[in-house]
There are 2 protein chains.
Amino acid sequence: MQHTPSPESFRELCERHGLAVTHQRQVIFHTLFAMHGHPSPEGVYELVKELIPSISLATVYKNLKTFEEHGLIREVSLHHRSARFEINASPHHHLVCLRCKAIVDVPAEDVGPIQLKKRTPSGFRVKRYHVEMLGFCGECTKQIEP
Amino acid sequence: MQHTPSPESFRELCERHGLAVTHQRQVIFHTLFAMHGHPSPEGVYELVKELIPSISLATVYKNLKTFEEHGLIREVSLHHRSARFEINASPHHHLVCLRCKAIVDVPAEDVGPIQLKKRTPSGFRVKRYHVEMLGFCGECTKQIEP
DNA sequence: CTAACTGCAAAGTGTTTGCACTCTT
DNA sequence: AAGAGTGCAAACACTTTGCAGTTAG
């Protein structure tokens, strides 16, 4: 999944996931995988439109959602629909439930220090860091495997 | 800053930051600090409205922004305005520029493993973790201190 | 043929803005 | 008095939805 998959494997992928192989879906998928970085829906749309001028933004959104639901892509920072503010002044990290989106603070002392083994690329100056531990909270774990 | 500050200290805080001490601001601030967890603007608004029924949501937003700009609170997950998707299948972490919001991937091998020193609270089951290193990219560093 | 998918436009969210009015300083 | 802050409504940006028409299986 590291480089652009062949048309063949996309067909297989869709079969495996029970998805229809439409032209739009195929182009969106390949465009997405050819883009590096962290593309936005708009960004994907702009590029796809060059190949399929009639495509609609809604289709791009729908497909991104589908891909995400099937684990083919991932949203970079899981955002709750609205902004969330942090008042806690003491340094801490987060446990985030992938199911119910609950956020639980973990004091920084409870997490070992992280080390960067290489120099940060391109002169990036790190001010602070923050660990997000993703998983399932007690409640959700129960509901998944009762 | 861990528990609700006294009215006195809020006045001082405002003075220190050159902010006017308005009733609304004071109530928003104290409400915010009395809430645990990771309140949303709406959530703050709902509570503040009980004390100041005439307050507007816009005022809450403006104050949250002001507080954030002065470092009194922090947004939990810095979200770019639109969603960002990740295609990169190999495990990695992120460098995030606080100024231009650029995201740079850092291979997981370049970051030492993190250890939880205590048991996760309330049966949380961690599936994976993700380190966000926040700072300033080379470009922005130059522009801040030329 | 049926279910899945697309395109369109309209409706939703969450957030920001412009402006007149009102308070702090 | 001047500048900062407030409330309102309108504007915004991003995302979702309903639906009729199209396409894949």
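In what follows, chains are A, B, ... by sequence order, proteins preceding strands, each numbered from 1.
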Original post:
Would you say B/Arg11 reaches C/dT25's phosphate, i.e. side-chain N/O to OP1/OP2 under 4.0 Å?
Top reply: yes
Subject >> Value in whole Å for how far the P atom of D/dG5 lies from CZ of B/Phe29 >> reply: 15 Å
**OP:** Starting at atom CD of A/Glu69, determine the distance to atom C1' of D/dT16, rounded to an integer number of angstrom.
**Re:** 13 Å
**OP:** May I have the distance from B/Leu64 (atom CG) to D/dG5 (atom P), rounded to whole angstrom?
**Re:** 14 Å
**OP:** When you get a sec, tell me which of D/dA24, D/dG5, D/dG7 is the closest nucleotide to the side chain of A/Ala20?
**Re:** D/dA24
**OP:** Please state how far atom CZ in B/Arg25 lies from atom P in C/dC23, giving the value in whole angstrom units.
**Re:** 15 Å
Subject >> Separation of D/dG7 C1' from B/Tyr45 OH (nearest whole Å) >> reply: 10 Å
Original post:
Passes side chain to side chain contact (heavy atoms under 4.5 Å, CB included), B/Met133 versus B/Leu95? Steps please.
Top reply: CA-CA 5 Å; B/Met133 284 159 278; B/Leu95 288 169; 3.6 Å; yes
Original post:
When all nucleic acid strands are considered with a 4.0 Å heavy-atom cut-off, which category describes B/Thr66: base, sugar-phosphate, or nothing?
Top reply: nothing
Original post:
Between C/dT6 atom P and A/Lys65 atom NZ, what is the distance in whole Å?
Top reply: 15 Å
**OP:** By nearest nucleotide on DNA chain D, pick out whichever of A/His23 and B/Ile28 is the more 5' one.
**Re:** B/Ile28
Original post:
Got a second to check how far B/Cys137's SG is from B/Lys142's NZ, nearest 0.5 Å?
Top reply: 9.0 Å
**OP:** Identify whether the distance between the nearest side-chain nitrogen and carboxylate oxygen of A/Asp110 and B/Lys118 falls below 4.0 Å.
**Re:** yes
Original post:
With sugar-phosphate meaning primed atoms plus P, OP1 and OP2, does A/Ser40 contact a base, only sugar-phosphate, or nothing at under 4.0 Å between heavy atoms?
Top reply: nothing
Subject >> A/Tyr61 OH - C/dG7 P separation (whole Å) >> reply: 16 Å
Subject >> Any B/Gln24 side-chain nitrogen or oxygen under 4.0 Å from OP1 or OP2 of C/dC23 >> reply: no
**OP:** Would you kindly compare B/Leu19 and A/Leu19 by the position of their nearest DNA chain C nucleotide and give the one closer to the 5′ end?
**Re:** A/Leu19
Original post:
Hey, are A/Glu86 and A/His92 close enough side-chain-wise for a donor-acceptor pair under 3.5 Å?
Top reply: yes
**OP:** Would you indicate which nucleotide in C/dG14, C/dT25, D/dT6 comes nearest to any side-chain atom of B/Lys62?
**Re:** D/dT6
Original post:
Nearest to the side chain of B/Ala58, which nucleotide is it out of C/dC5, C/dG14, D/dC8?
Top reply: D/dC8
**OP:** Consider the side chain of B/Thr59, meaning its heavy atoms from C-beta on, and name the nucleotide among D/dG7, C/dT25, D/dG5 that approaches it most closely.
**Re:** D/dG7
**OP:** Mind calculating the distance between CD1 (B/Ile52) and C1' (C/dT22) to the nearest angstrom?
**Re:** 14 Å
**OP:** Apply ring pair (Phe, Tyr, Trp, His ring centres under 6.0 Å) to B/His30 and B/Phe10, showing your working.
**Re:** CA-CA 9 Å; B/His30 283 99; B/Phe10 176 68; 5.6 Å; yes
Subject >> Closest to the A/Thr22 side chain, choosing from C/dG14, D/dT6, D/dA24 >> reply: D/dA24
